[in-house]
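Read the numbers this way: they start at 1 and go in the same order the structure lists the ligands and their atoms.
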Amino acid sequence: MITSWRIGAATVTALSEYYGPVHVPDRLFPDLDRAVLREHRDLLEGRFWYEAIDRLVISVTLWIVTLAGRTILIDTGIGNGKTRRTPRANMMNTVVPDWLAAAGAAPDQVTDVVMTHLHADHVGWNTVRDGDHWVPTFPGATYHVPRADFEHWAEIDRRGEAVDGGSFRDSVLPVLEAGLVRWTQAGDRVADTLDAVSARGHTPGQLAMWLRSEGRAAVFCGDILHHPVHVLRPEWNSVVDVEPDHAAATRQAFLAEVADRDVLVAPCHFAPPHAAFVRREADGYVFDPIGNGTALPAHARPAQGASARKDLSASEKAI
Ligand SMILES: [Zn+2]
C-alpha cells in the first residue's frame, strides 16, 4: 500500500512493507485491559483490532519525504532475506524495492536515509545481500543514525549478544563501514529538512523527526506510539519499550504536544491509512485516522489523487 499526503511544499508517502492482525493484545501491552478495546470498538474493530481472533493489526511502514530536491527515506522496515527470531520477519521476500521505485524512492533517487531508532524493523532496507555480504541499498545516500541508539546497541553487540537476530551487524554496521553514516542527536537539523527531537524510552536514543513546511507540520515519531491503543492509553508501555519510565513520559509529552494542533502524526506501525491526527477528549486523547474521509483537512488530502493511482499502477507493472 502506498499513500501520499501534501504537507506544505513537501510530499509525504507511507509505504507499508506488510500489515496484518499479528499481535496478541496483552502480549504487546502487558497492562492491557480489553474493556478499553471494546469501549472503542467503533474506532478499532476491523481496522486496528480484529476482535474475532483477538489480534491487533500492525503495519511495518516506511516513510518517504520529498522536498526541495531531497528524497528522504525515514525508517527502512525489515528487509529481504534477513535472519530474524520473529517468524513473520524471518527471511522475508517482498517487492518493496519495486514499491519504493514506484513512489519515487529508487536506490539512485534516495538522497538521505533517516533512522528514528535501530530496532530490526526500522533498519532492514538499509542493506541488501550481495553474495556473502550486506551492502548499502542506497549507495549514494547519507544514512543519518541516532548516535545514542548506536552506542546502546553497539554495547550489546560487544557483549556478544545478537541484536534482534543480527540486525546491528547485517543492517547497521555495513553502512557505517561504507562511510555513509552521519550521526544525529536531538537538536540537529537532519538532511536540511527535519528537526530531530529526543524521543527516549522505546529505545535509549530514539529521535522523533519533525517536518515543517509552509505552516504545516508532520512528525515521524518512530515507536513512541506502537499502536493506536497507545493514544487511548499512553500509560501502557509496550513489551518492546527498552526504558519503560522514559517511554511512558515521552509518550505523554508527545501526545500533549501534537493534540489539537493539526500535526500529521506518522508512526511506523499504524494500520492503513498509517497516519493520524490526535485530539483531546475528556481526560485523554483519541485519534482520527487520515484517509477515512471523516477527518481530512484540506492540507492533508493526498498530494495528487491521480499520482497516487499512477504510483500503484506502476508498482503493479513492476511486480
Ligand atoms: Zn518498530
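- Tyr143 pairs with exactly one of Val114, Val172, Thr184, Val113 by the side-chain contact (heavy atoms from CB on, under 4.5 Å) rule, that one being Val113.
- Here His117 fails the criterion, with no N, O or S atom under 2.8 Å of the Zn ion (ligand 1).
- The closest approach of Asp223 to the Zn ion (ligand 1), by N/O/S atoms, is made by OD2.
- Taking the six-membered ring for Trp, Trp153 and His119 have ring centres closer than 6.0 Å.
- For CZ of Arg27, the number of neighbouring non-hydrogen atoms (other residues, nucleotides, ligands) closer than 6.0 Å is 12 at most.
- When distances to the Zn ion (ligand 1) are checked against a cut-off of 2.8 Å, His122 contributes an N, O or S atom below that limit.
- Residues Ser16 and Ser59 bring a donor and an acceptor atom of their side chains to less than 3.5 Å of each other.
- When distances to the Zn ion (ligand 1) are checked against a cut-off of 2.8 Å, Asp121 contributes an N, O or S atom below that limit.
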